[in-house]
S.K.: 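Dropping a structure here in structure tokens format, bear with me for questions.
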2 protein chains.
Amino acid sequence: MAVTISDVARAAGVSKGAVSYALNGRPGVSDVTRQRIVEAAKQLGWKPSLRAKGFSSSKAYALGLVVARDLKLLGTDPFFPAFIAGIESTLSEHEYALVLTIATDPDAEERSYRKLVEGGRVDGVILTDMRNDDSRIALLRELKLPAVTLERSDTPSPFTALRTDDTDGITAAVDHLIGLGHTRIAHVGGAQAYVHGRSRRLAWERALSAAGLPADLFADADFTASGGVTATEALLRRPDRPTAIVYANDLMATAGQSFALTHGFTVPGDLSITGFDNAEFAQYLNPPLTTISSDPLRWGRLAAAVLLDQLAGTHDGQDIVLPPPRLLVRGSTGPVRFSTT
Amino acid sequence: MAVTISDVARAAGVSKGAVSYALNGRPGVSDVTRQRIVEAAKQLGWKPSLRAKGFSSSKAYALGLVVARDLKLLGTDPFFPAFIAGIESTLSEHEYALVLTIATDPDAEERSYRKLVEGGRVDGVILTDMRNDDSRIALLRELKLPAVTLERSDTPSPFTALRTDDTDGITAAVDHLIGLGHTRIAHVGGAQAYVHGRSRRLAWERALSAAGLPADLFADADFTASGGVTATEALLRRPDRPTAIVYANDLMATAGQSFALTHGFTVPGDLSITGFDNAEFAQYLNPPLTTISSDPLRWGRLAAAVLLDQLAGTHDGQDIVLPPPRLLVRGSTGPVRFSTT
DNA sequence: GTGAAAGCGCTAACAT
DNA sequence: ATGTTAGCGCTTTCAC
């Protein structure tokens, strides 16, 4: 049997309560007594039982992450692994653990949150892939589960959000293309039900408007490779086809580039292409993909830190704004060759 | 306050113990009493507290997964997300949760396991990325932590392993290339410290030997894109350069293909290429990558199931053998053009 | 300032 | 076969 609080109390000649106070740095014990207790605990090599702590304090000492994504997307998204690593790096400093759940359909998502709460598995959750009109906000409210969200849904939310302007990345991409002489710059959108899907589209529109260019070359897609192909095909079939396409993520850009190349277009000669995410493989395409890079590790670290602060009551509830993503110019973008207008 | 076992006991007019027995389907209560108890529990909407259960039974009702990988690899590996989804699908049926840890350096890995145990976070762990001479085996033994491993390390291990023959996938790839007339078939190896790195290399060697061809075109790498580039460059610089390269994963194959294309080689004209993993992006390369596909979802599901069985004492300890991976022939492989020997 | 003691909600050893 | 009861290891209230 491992050493318990009673052993320490006995060794230090005090009560269990005193030990608890002493070790949690709370008032209720004199400094000398505290010293003695700390000493005894160290001597005995006492490690407070997380289970007992959790039980008596009704805490899980864990945070939850429910990932609701299509497997195909999960597998290629460079965001999640780094994001999770970021979460972990914060949690490991605080004796917290991460409980990960993967939900493959909408119902499973809600069930996941409910189970996490019913089982007392977590003290709070991190919400990613925010959606416009996001049902999770009401759900978590009902469940009284503390949360932090990545980006802000248009659904009013009582939860702290980590935000940035996707805007800046897309804007930089569009401006880069305009600088290369492009005037027919299309956008292949990510699923518009997602906050980041829509904000990227809006950023594209605004950047074009700001330059006095029409934002009429839009093709809706869903962040998947096959969606990217379909959208690209639709755009390239148009008589006023674009000379550049801004994609909402690298996977669609990759698929789109592949489609263009196999249909006789040169990249960037006939068509310039930009992605979003900076997936590892993107720089090994032919040509390597110009893309936009954020800092998922940092997002993860911060998201966990903010949530922990909140649980400890040391966060003021203000949203956190992260630095904007950066444009990485590579071979898939180049000067417009000629205008066919 | 939520309804507890005492409430149910009172309502059913029995002791707490009786309720515990009744609800866990154990002997000790008559069928009539059991009926009454179950009824009362349902009426009151009683959900046994996982925390209390865990506390009194010293169980976590959770499994752990410690991922020790370079972030760059984590982000492009299609294996993990699907594998984790598989684990989840089994766990969610058993009131178990998954605690995920990411270790970015070797020390962190050991610390992770120790923390998981000390905190009583998990009842067992799933080991992936097995290494030859794997230190985790001794560690888990010391920690008395039940485990299941993916593949078997050469370190003798008391843990059940899920196995397959990588062999079959690589063999199929080499045979496919031989069938296309290739005779100088190289291999760009994954880190040889890993079981799957070495087994793929050995499979390549054996397949060539079986066909009476020399296995002398080997370049060591580490599963990373940049490693793939370096290895490819070394191979293509050789006077007896290969007409086909079998890569140990898709990321290296992608990077290698990119290198070859940008250095004037045509694929598959001058060089045929095969990968391993069937990453989503691989079919959107130019040309699309011939690769080898396993079933990570199934691996995950099984790994979790076997471990749970083991915890329940219902597994005989026999290794589980999974079906071999499949070769997916795509555009990156073609007939050898001519021989320059 | 200090310490005793009462839970927290279960499980399991123990009487009956 | 059934029910009683003593913990599990901590936190926290409440006397002292």
Side-chain angles (χ1 to χ4, degrees), chain A residues 1-41 44-62 95 117-121 123 311-313, chain B residues 1-41 44-62 95 117-121 123 311-313:
Chain A
M1 211 61 255
V3 31
T4 75
I5 200 172
S6 299
D7 300 324
V8 178
R10 200 174 318 118
V14 298
S15 73
K16 293 190 294 175
V19 177
S20 177
Y21 286 143
L23 270 292
N24 293 330
R26 264 185 302 199
V29 274
S30 65
D31 280 357
V32 272
T33 314
R34 186 184 303 266
Q35 269 305 327
R36 193 151 39 92
I37 293 172
V38 169
E39 199 62 26
L44 296 171
W46 178 55
K47 307 232 173 190
S49 153
L50 205 67
R51 250 181 225 137
K53 271 174 75 168
F55 176 54
S56 76
S57 63
S58 298
K59 288 207 282 179
Y61 296 100
E95 300 284 70
V117 171
E118 283 168 6
R121 296 278 191 189
D123 300 322
L311 294 175
Chain B
M1 211 64 253
V3 32
T4 77
I5 198 172
S6 300
D7 300 325
V8 178
R10 200 174 319 119
V14 298
S15 73
K16 293 191 296 176
V19 178
S20 178
Y21 285 142
L23 270 293
N24 293 330
R26 264 185 304 200
V29 275
S30 65
D31 280 357
V32 271
T33 315
R34 186 184 304 264
Q35 268 308 326
R36 193 152 37 93
I37 293 173
V38 169
E39 198 63 26
L44 295 171
W46 178 55
K47 307 232 172 187
S49 152
L50 204 67
R51 249 179 225 139
K53 268 173 79 166
F55 175 56
S56 74
S57 65
S58 299
K59 290 206 281 179
Y61 296 101
E95 299 286 72
V117 171
E118 285 168 5
R121 296 276 191 191
D123 300 322
L311 294 176

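In what follows, chains are A, B, ... by sequence order, proteins preceding strands, each numbered from 1. On a predicted model such as this, the values are computed, not experimentally measured, just so you know. Computed over heavy atoms, backbone and side chain alike; hydrogens, waters and symmetry mates excluded.
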S.K.: Measuring from the side chain of B/K53 (C-beta onward, heavy atoms only), which nucleotide among C/dC10, D/dC8, D/dC10 has the closest atom?
M.R.: C/dC10

S.K.: Specify the separation, in whole Å, of atom CD1 of B/I5 and atom P of C/dG7.
M.R.: 18 Å

S.K.: So which one's nearest nucleotide on DNA chain C is more toward 5', B/Y21 or B/K47?
M.R.: B/K47

S.K.: When the distance from CG of A/D31 to P of C/dG1 is rounded to whole Å, what number comes out?
M.R.: 10 Å

S.K.: Quick check on DNA chain D: between B/V32 and B/S56, whose nearest nucleotide comes earlier from the 5' end?
M.R.: B/V32

S.K.: Any side-chain N or O of A/S20 under 4.0 Å from OP1/OP2 of D/dC10?
M.R.: no

S.K.: With a non-hydrogen cut-off below 4.0 angstrom, is A/S58 in contact with a base, only sugar-phosphate, or nothing?
M.R.: nothing

S.K.: Tell me the interatomic distance from A/L23, atom CG, to D/dG9, atom P, rounded to whole angstroms.
M.R.: 16 Å

S.K.: More 5' along DNA chain C: B/K16 or A/G17, using each one's nearest nucleotide?
M.R.: A/G17

S.K.: A/K59 has an atom NZ; how far is it from atom C1' of D/dT12, in whole Å?
M.R.: 14 Å

S.K.: Determine yes or no for a side-chain-to-main-chain donor-acceptor pair under 3.5 angstrom, with B/D123 supplying the side chain and B/K59 the backbone.
M.R.: no

S.K.: What integer distance in Å separates B/R36:CZ from D/dA1:P?
M.R.: 17 Å

S.K.: Rounding to a whole Å, what distance do you find between B/R10:CZ and D/dG3:P?
M.R.: 16 Å

S.K.: Would you classify B/S49 as touching base, sugar-phosphate or nothing, given that sugar-phosphate means primed atoms plus P, OP1 and OP2, and contacts are heavy atoms under 4.0 Å?
M.R.: sugar-phosphate

S.K.: Check whether B/R34 reaches the backbone of B/A22 with its side chain - one donor and one acceptor, N or O, closer than 3.5 Å.
M.R.: yes

S.K.: A/R51 has an atom CZ; how far is it from atom P of C/dC10, in whole Å?
M.R.: 16 Å

S.K.: Going by ring centres under 5.5 Å and near-parallel planes (under 30°), is A/F55 stacked on D/dC8?
M.R.: no

S.K.: Any donor-acceptor pair under 3.5 Å linking the side chain of A/N24 with the backbone of A/Y21?
M.R.: no

S.K.: Please report the closest heavy-atom contact between B/A12 and B/A40, naming both atoms and the distance.
M.R.: CB-CB, 4.0 Å

S.K.: Specify the separation, in whole Å, of atom CG of A/L50 and atom P of D/dT11.
M.R.: 10 Å

S.K.: Does the A/R121 side chain pair with the main chain of A/A62, one donor and one acceptor, at a distance under 3.5 Å?
M.R.: no

